[in-house]
Protein chains: 2
Amino acid sequence: MSTEAEIYKALGDPTRLEIVKRLSSKRSCAIGELCKDLGISRQGARKQLQILVNANIASLKCVGRETKVALDITSLQQAQRFIAQLEKEWESRLLALKNYVESDK
Amino acid sequence: MSTEAEIYKALGDPTRLEIVKRLSSKRSCAIGELCKDLGISRQGARKQLQILVNANIASLKCVGRETKVALDITSLQQAQRFIAQLEKEWESRLLALKNYVESDK
DNA sequence: ACAATATGCAACCATATAGTTGCATATTTA
DNA sequence: TAAATATGCAACTATATGGTTGCATATTGT
């Protein structure tokens, strides 16, 4: 399991976010194809992919001589839930403040 | 306006995420108070705060000799919408695949 | 006025990060 | 089998990052 910070950190780089965007609209693609799209070296792309894999945002599967990359949405959902929780606390605090102000009328 | 990657990058550090958590349950607090809670130097906390401010996740307001820090949820909401959009694309792709497979029966 | 408090700015440091290149290995195809 | 393709691993580099300390400045309380 990844921590929230790990997941956000993985998403917090333009190259990796671009990878995630591309994977979200593709079924899966090979590393070689991906690095051409990104305009960086294969090894550069591979390093970023490993970070996404470690954060459970992407998964790799060897198929013959290719390595297929696919998106894994579980961490993305975890990240989303975390923000939703923050917003919930924020809103309940605002509500408490509102009640306090109104009780003072 | 911040890019998605900037927002995630800002959230992708344990110290900054801790700051965000604390701010979500507090109305606002001074920098001095915050750095004591975090167990790091005031300047260390200040640097992290500036990153959150640049990402529109926190805002600063001078009040006398204090600087009050408050959460700004607009960027958090933007980050959440971005993930929601990714998931939407992901799901529609899965649905298309499902339809394709079933049409093949 | 003066001490205490709360802060900002800048320099510094150790480590992490994003990318590169070179070389070795496994799979496919001719 | 030999060439072409797709990849992994390791070393290297320049820059970014997270934190520190030192010093200057503004506000508050006695």
Side-chain angles (χ1 to χ4, degrees), chain A residues 2-23 26-71 75 79, chain B residues 2-23 26-71 75 79:
Chain A
S2 320
T3 68
E4 278 87 11
E6 282 174 325
I7 298 169
Y8 290 126
K9 189 168 189 177
L11 295 175
D13 171 82
T15 300
R16 290 193 294 267
L17 206 53
E18 182 63 33
I19 293 174
V20 170
K21 281 185 197 171
R22 287 173 186 274
L23 291 179
K26 281 185 180 182
R27 210 173 141 182
S28 78
C29 67
I31 293 179
E33 184 189 348
L34 196 57
C35 73
K36 278 174 206 149
D37 291 349
L38 296 172
I40 61 176
S41 71
R42 180 176 54 82
Q43 308 295 25
R46 185 62 179 80
K47 277 180 75 169
Q48 302 309 332
L49 276 174
Q50 191 58 50
I51 292 170
L52 291 174
V53 168
N54 292 344
N56 294 115
I57 294 171
S59 61
L60 304 180
K61 194 172 88 174
C62 291
V63 179
R65 65 180 161 186
E66 286 189 330
T67 299
K68 295 286 196 169
V69 188
L71 199 65
S75 278
Chain B
S2 321
T3 67
E4 277 88 11
E6 282 174 325
I7 298 169
Y8 290 126
K9 189 169 188 177
L11 295 175
D13 171 82
T15 300
R16 289 194 293 268
L17 207 53
E18 182 64 32
I19 292 174
V20 170
K21 280 184 197 171
R22 287 174 185 274
L23 290 179
K26 280 186 180 180
R27 209 175 142 179
S28 78
C29 67
I31 293 179
E33 183 189 348
L34 195 56
C35 73
K36 277 174 208 150
D37 290 349
L38 296 171
I40 61 174
S41 72
R42 182 176 54 81
Q43 309 293 28
R46 186 61 178 80
K47 277 179 75 169
Q48 303 308 334
L49 277 174
Q50 191 58 51
I51 292 170
L52 291 174
V53 168
N54 292 345
N56 295 114
I57 294 170
S59 61
L60 304 179
K61 194 172 87 173
C62 291
V63 180
R65 67 181 160 183
E66 287 188 328
T67 299
K68 295 288 196 166
V69 188
L71 198 66
S75 278

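So that the names make sense, note that chain A is the first sequence line, chain B the second, and so on, each numbered from 1.
D:dT5 atom P lies 16 Å from atom CD of A:Glu33, rounded to whole Å. In this entry the distance linking CG of A:Leu38 with P of C:dA18 reads 14 Å, nearest Å. As a whole-Å value, the separation of B:Lys36 NZ from C:dT7 C1' is 12 Å. To the nearest angstrom, C1' of D:dG18 lies 16 Å from CG of B:Leu11. Regarding B:Ile31, its CD1 atom lies at a distance of 15 Å from the C1' atom of D:dT27, rounded to whole Å. B:Leu52 places its CG atom 10 Å from the P atom of D:dG18, with the value rounded to the nearest Å. When rounded to the nearest whole Å, the span between CD of B:Gln50 and C1' of C:dG8 equals 11 Å. The CD atom of B:Glu6 sits 15 Å away from the C1' atom of D:dT17 (whole-angstrom rounding).
Of the residues listed (A:Ile40, A:Val20, A:Ile51), the one engaging A:Thr15 in a side-chain contact (heavy atoms from CB on, under 4.5 Å) is A:Ile40, and it is the only one. When each of A:Asp13, A:Asp37, A:Leu38 is checked for a side-chain contact (heavy atoms from CB on, under 4.5 Å) with A:Glu18, only A:Leu38 meets the rule. The salt bridge (Lys or Arg N to Asp or Glu O under 4.0 Å) test with A:Glu33 singles out one residue from A:Arg22, A:Arg27, A:Lys26, and that residue is A:Lys26.
Remark: the backbone N or O of A:Ile7 is not paired with any side-chain donor or acceptor of A:Ser2 at under 3.5 angstrom. Looking only at distances, a side-chain donor or acceptor of A:Arg16 sits under 3.5 Å from a matching main-chain atom of A:Lys9. Remark: side-chain polar atoms of B:Tyr8 are not paired, donor with acceptor, to backbone N or O of A:Ala10 under 3.5 angstrom.
Of the side-chain N and O atoms in A:Arg46, none sit less than 4.0 angstrom from OP1 or OP2 of D:dT7. Regarding contacts with the backbone of C:dA18, a side-chain N or O of A:Arg16 is found under 4.0 angstrom from either OP1 or OP2.
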Check: residues 58-71 of chain A side-chain donor-acceptor pairs under 3.5 Å, at least two apart:
none

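Residue contacts shown for B:Lys9 are limited to sugar-phosphate atoms, with no base heavy atom under 4.0 Å away.
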| remark: In B/S/- notation (B base, S sugar-phosphate only, - none; protein heavy atoms under 4.0 Å), nucleotides 19-30 of chain C written 5' to 3' is BBBB----BB--
